[in-house]
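Here is how names work: the chains are called A, B, and so on, in the same order as the sequence lines, proteins then strands, and each is numbered from 1.
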Number of protein chains: 2
Amino acid sequence: MAGVSKKRVTLADVARLAGLSSAAASMILTGRPDTRLSAEAHRRVHEAAAQLGYRPNLAAQALRTDKTRTIAFISDYVATTRYANGLIRGALAAAQEAGHVLLLLETGGEPDREVQAIEAALDRQVDGIIFAAMRAREVFVPTLPSATRVVMLNGTSSRFPLSVLPDEYAGGRSAVELLVSAGHRDHIALVGHNQIAEQGLFRSDTVARRIAGIHSAMADHGLSFAAAESCWEWEPHHGFELTLKILAQRPDVTALLCLNDRLAFGAYQALAEAGRSVPDIAIIAFDNDEIAGYLRPGLTTVALPHEEMGSAAVKLLLSSDSAGEHLVPMPIVSRASI
Amino acid sequence: MAGVSKKRVTLADVARLAGLSSAAASMILTGRPDTRLSAEAHRRVHEAAAQLGYRPNLAAQALRTDKTRTIAFISDYVATTRYANGLIRGALAAAQEAGHVLLLLETGGEPDREVQAIEAALDRQVDGIIFAAMRAREVFVPTLPSATRVVMLNGTSSRFPLSVLPDEYAGGRSAVELLVSAGHRDHIALVGHNQIAEQGLFRSDTVARRIAGIHSAMADHGLSFAAAESCWEWEPHHGFELTLKILAQRPDVTALLCLNDRLAFGAYQALAEAGRSVPDIAIIAFDNDEIAGYLRPGLTTVALPHEEMGSAAVKLLLSSDSAGEHLVPMPIVSRASI
DNA sequence: ACCATTTGCTAAATCCATTTAGCAAATGGA
DNA sequence: TCCATTTGCTAAATGGATTTAGCAAATGGT
C-alpha cells in the first residue's frame with residue numbers, strides 16, 4: 001500500500017522534498033551565517049521542514065557536535081530539604097528559557113553515588129553540571145575528566161570557583177537593621193546561635209556568614225544581645241526549649257532573632273505557653289519556609305532566594321564567566337511578627 | 001610529544017588493545033548471549049575496557065538502539081506543591097536502581113508548555129514518560145507520536161490507562177476507623193468537606209475518593225457527623241475559621257476529622273484561641289505534610305505515600321504491565337493528637 | 001575573449017556503537 | 001580422506017546530523 005510510513009522524519013527527507021542536499025538543509029536549518037545558499041533555497045528548506053514536521057534527532061546531533069542542550073543538576077539531597085524545591089524550580093525555568101533541559105541526579109552525599117551521578121551525566125554528554133549542596137560546606141567533587149563546565153550552587157569548592165550563594169552576610173545585617181529600626185535595642189535575644197557554626201566548622205559555610213552579618217550589624221549599633229542560646233540542630237522543638245529558657249532568664253526581652261523559621265515556629269509555641277503574645281514580643285527569622293506564612297501572626301523573615309539562585313546557576317553555567325562567587329540578595333518578607 | 005591524548009576512549013580503542021574487532025568488543029561488553037566468542041576473548045576485552053576506563057558513548061548508543069536509559073518526568077507544578085518533592089525523590093531512587101536517569105520537565109499546566117516538554121523529551125529519545133499531576137483531575141496530554149511508554153502519576157488519563165494513585169478510599173476509611181476505635185462516635189466533626197469535591201468536579205479525583213471512603217466507613221458504623229463545614233481551599237486560615245464556627249455550633253464535639261494537615265494546622269490555632277486543648281479534642285488529618293510533625297502535640301495523619309508512588313511509577317514504566325490503576329496504600333502516621 | 005573570482009551547491013568523511021552477513025579454520029562423521 | 005558442521009571472529013552497513021573539501025556555472029575585470 002502507498003501507506004504513510006510512520007518512520008521518523010530525517011534531515012534527508014527534508015532535503016529531498018526541498019530538492020537539495022542534506023548538507024544544504026543542515027546549514028540552512030542550523031542558521032549558519034556565512035553560507036552562500038540562495039534565499040530561494042532557504043525558503044524551500046524551511047517550508048519542507050515545516051510541512052514534514054521535522055525534528056532533528058538529538059542523539060545524532062550530540063554524537064556529531066558534543067552538545068545536548070542538557071544540564072545535569074546533581075544535588076546531595078533533594079530529599080531531606082524543602083529547599084531543593086525552589087532551587088530546582090528556578091533552574092528549571094532558566095533552563096527552559098534557554099532551550100535547555102534538566103537531568104536530575106541525587107547522591108545522598110555519598111562519594112560513590114557522586115561518582116556514579118557524574119558518570120551518568122558525562123555519559124549523556126551534558127553541556128554542564130550544577131552541583132547543588134544542601135548542607136555541606138565544601139562539596140567533595142571527584143575528578144572530572146573533560147573540560148565540563150561546572151557551577152556550585154549553595155556551596156563552594158576549591159576545584160570549581162564558579163558558585164552561586166545567598167548573600168547571607170547582608171541578610172544577617174538586614175535582620176538586625178529591621179529590629180533596630182523598629183525600636184529594639186538592648187532587649188534582643190538570639191535563638192540558635194552556634195559557636196561552632198560561627199567558626200565555619202559546622203553546617204554550611206553560608207550560615208556562618210549569616211551569623212557574622214548579624215554580629216557586625218549589632219556591633220555597628222554598639223549593641224549586644226540580652227541573651228543568646230545555642231543548639232546544634234534547628235528544629236521547632238529546639239526553638240521551643242531555648243525560648244522557654246530565655247524567657248526564664250530574661251523576662252524583659254522584647255525581640256527574638258531566630259536563626260531560622262523552624263526555631264521561630266518553636267518560639268511561637270513557647271510564647272503561647274508562657275502567656276506572651278507575638279507582636280508584643282517581636283520575632284524575626286530566616287529562610288521564609290512554607291510555615292512562615294502559616295503562623296499567626298505571620299512571621300517576618302529574611303528569605304532564602306532559592307528560585308533566584310537556581311536560575312542564576314543555570315544562567316552562569318550557560319554564560320562565559322569563569323570565576324567568582326555570585327551572591328544573590330536575601331529579601332525581607334514582612335508579615336506581622338514585628 | 002608522546003603525550004597522553006585526552007580524547008574520549010572509544011570502543012575501537014578497547015578492541016584494538018584487546019587485539020579484536022570492535023564488533024567482537026561490542027558483543028562482549030553488551031553481554032550478548034549466543035555469541036561464540038572465546039572465553040579468552042572475553043577476558044581480554046573486559047581487561048582492556050577496565051584498563052582504559054572505557055565508557056560507551058550514550059549518544060551513539062541511542063542513535064543505534066533508540067534506548068537512552070532516560071525517563072522524562074513531566075509535572076504540571078514542581079512549584080506550587082510540596083508534594084512533588086517526595087514523588088521526585090521516589091522516582092529518582094527507583095530510576096537509579098534500574099540504571100536509569102530522570103529528565104525533569106515542568107509545564108505549569110499550560111498546554112503549549114506541555115507540548116514543548118513532550119517534544120523536548122521525545123527529541124532526547126526518552127525510554128518513557130511519567131506525567132505527574134499535582135492538581136488536575138484528568139490530565140490533558142497532547143498526542144504522542146511514537147509508541148512511547150507512559151505512566152500517569154497521581155492522576156488519570158483516558159488515553160493512558162497506566163496510572164499510580166494513592167489509595168484514598170481506603171485511607172479515608174482508615175481515618176474513620178481510627179477515630180471510632182478510639183471511642184469517638186457521635187461527636188465527630190468534618191472539616192473541609194466539600195460538596196463539589198465529592199462529585200469529583202473539583203480538585204483531584206483522588207480527593208473525591210478520600211471523601212467517599214470517609215462516608216462509607218461512617219455509614220458502616222451507622223454514624224453521621226455532628227457537624228460538617230466546607231470550604232473551597234484548604235489552607236490553615238480556612239481550618240482556623242471553620243473550626244471556630246464548629247466550636248460555636250457544637251461545643252460538644254470530641255473529634256475533628258480534617259481533610260488535610262493544613263486545615264488541621266488552623267484547627268490547632270482555633271482550639272488554642274478557644275481555650276481547648278488537643279488531645280482533649282482529638283484531631284486526625286491527611287497528607288503527612290512536614291508541619292504535621294512540628295505541631296504540638298504531634299498530628300496523627302493518614303500519609304500520602306509520595307515516595308512509594310514515585311518509585312512505583314518508575315517501576316511500572318519499566319515493567320511490561322499494560323493497563324490499570326495501581327493503588328498505593330496510605331499509612332497512618334500516629335503522633336499524639338488522638 | 002580570456003583568466004580570476006564569486007556564487008551556489010554537493011559528495012563524502014565523521015562522530016561511535018550495534019548488528020548482519022559471511023569468511024576461514026577447526027572439528028566431526030563415515 | 002572428503003564433505004558437513006561448528007567455532008571464532010571480522011568487514012561493512014547502519015542510525016542521522018554536521019562539516020570539510022571542492023566542483024561547475026556565473027560573473028567581473030581588462
Side-chain angles (χ1 to χ4, degrees), chain A residues 5-46 48-49 52-70 122-125 127 145-146, chain B residues 5-46 48-49 52-70 122-125 127 145-146:
Chain A
S5 153
K6 46 182 65 178
K7 275 198 54 175
R8 226 175 184 293
V9 175
T10 75
L11 183 63
D13 297 329
V14 173
R16 198 171 310 120
L17 181 59
L20 290 166
S21 69
S22 36
S26 171
M27 291 168 138
I28 288 170
L29 290 177
T30 52
R32 272 256 212 119
D34 290 337
T35 190
R36 290 179 309 249
L37 295 159
S38 65
E40 169 65 9
H42 277 80
R43 224 212 68 243
R44 289 215 309 272
V45 168
H46 281 120
L52 298 176
Y54 170 68
R55 305 228 92 217
N57 181 322
L58 278 207
Q61 230 164 227
L63 184 57
R64 196 66 238 270
T65 63
D66 256 319
K67 299 209 173 312
T68 51
R69 314 203 122 242
T70 301
L122 293 177
D123 286 354
R124 285 168 182 80
Q125 331 254 108
D127 293 347
S146 59
Chain B
S5 154
K6 46 182 62 177
K7 276 198 52 174
R8 226 176 184 292
V9 175
T10 75
L11 184 64
D13 298 329
V14 173
R16 198 171 310 121
L17 180 59
L20 289 166
S21 69
S22 36
S26 171
M27 292 168 136
I28 288 170
L29 290 177
T30 51
R32 272 257 212 119
D34 290 338
T35 191
R36 290 179 310 248
L37 296 158
S38 66
E40 168 66 9
H42 277 79
R43 225 212 69 243
R44 288 213 311 270
V45 168
H46 281 119
L52 297 175
Y54 170 68
R55 305 230 92 216
N57 182 323
L58 278 208
Q61 230 164 226
L63 184 56
R64 200 65 239 275
T65 62
D66 256 319
K67 299 211 172 311
T68 51
R69 316 204 118 241
T70 300
L122 293 177
D123 285 354
R124 285 168 181 80
Q125 331 252 109
D127 294 347
S146 58

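Between the P atom of C:dT14 and the CG atom of B:L11 lies a distance of 18 Å, rounded to the nearest Å. Atom-to-atom, CD of B:Q61 to C1' of D:dT14 comes out at 15 Å; the value is rounded to the nearest Å. In this structure, OH of B:Y54 is placed 8 Å from C1' of C:dC16, rounded to the nearest angstrom. Atom CZ in A:R8 sits roughly 13 Å away from atom P in D:dG15 (whole-Å rounding). One interatomic measurement links the two molecules: CZ of A:R55 to C1' of D:dG15, which rounds to 19 Å at whole-angstrom precision. Protein atom CG of B:D66 is 17 Å distant from nucleotide atom P of C:dA17, rounded to whole Å. As a whole-Å value, the separation of B:D13 CG from C:dC15 P is 11 Å. One can place CZ of A:R16 at 11 Å from P of D:dG16, the figure rounded to the nearest angstrom.
Base pairing analysis places C:dA30 opposite D:dT1; the two distances defining the Watson-Crick or G-U wobble pair are each below 3.5 Å. Across all strands shown, D:dT20 pairs with C:dA11; the Watson-Crick or G-U wobble distances both stay below 3.5 Å.
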Tabulate protein N/O versus nucleotide N/O from nucleotides 24-26 of chain D, keeping only pairs under 3.5 Å, one per line.
none

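Between the side chain of A:R8 and the backbone N or O of A:R55 there is at least one donor-acceptor pair closer than 3.5 Å. Proximity of a side-chain donor or acceptor of B:T68 to a complementary backbone N or O of B:A62 within less than 3.5 Å is not detected.
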Could you run through nucleotides 4-13 of chain C and give me one letter per nucleotide, 5' to 3': B if any protein heavy atom sits under 4.0 Å from the base, S if only the sugar-phosphate is that close, - if neither? ---BBBBB-B
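Across every non-hydrogen atom of B:L11 and B:A25, the tightest pair is CD1-CB, 3.7 Å. Here the closest heavy-atom approach between residue B:T30 and residue B:M27 is recorded as OG1-O, 3.4 Å.
Among the atoms of the strands shown, base atoms are found under 4.0 Å from some heavy atom of B:S26.
Judged by distance alone, the side chains of A:T70 and B:R124 do bring a donor and an acceptor atom under 3.5 Å apart.
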Go through B:L37 and B:V45 one step at a time and tell me if the side-chain contact (heavy atoms from CB on, under 4.5 Å) criterion holds. CA-CA 11 Å; B:L37 296 158; B:V45 168; over 6 Å; no
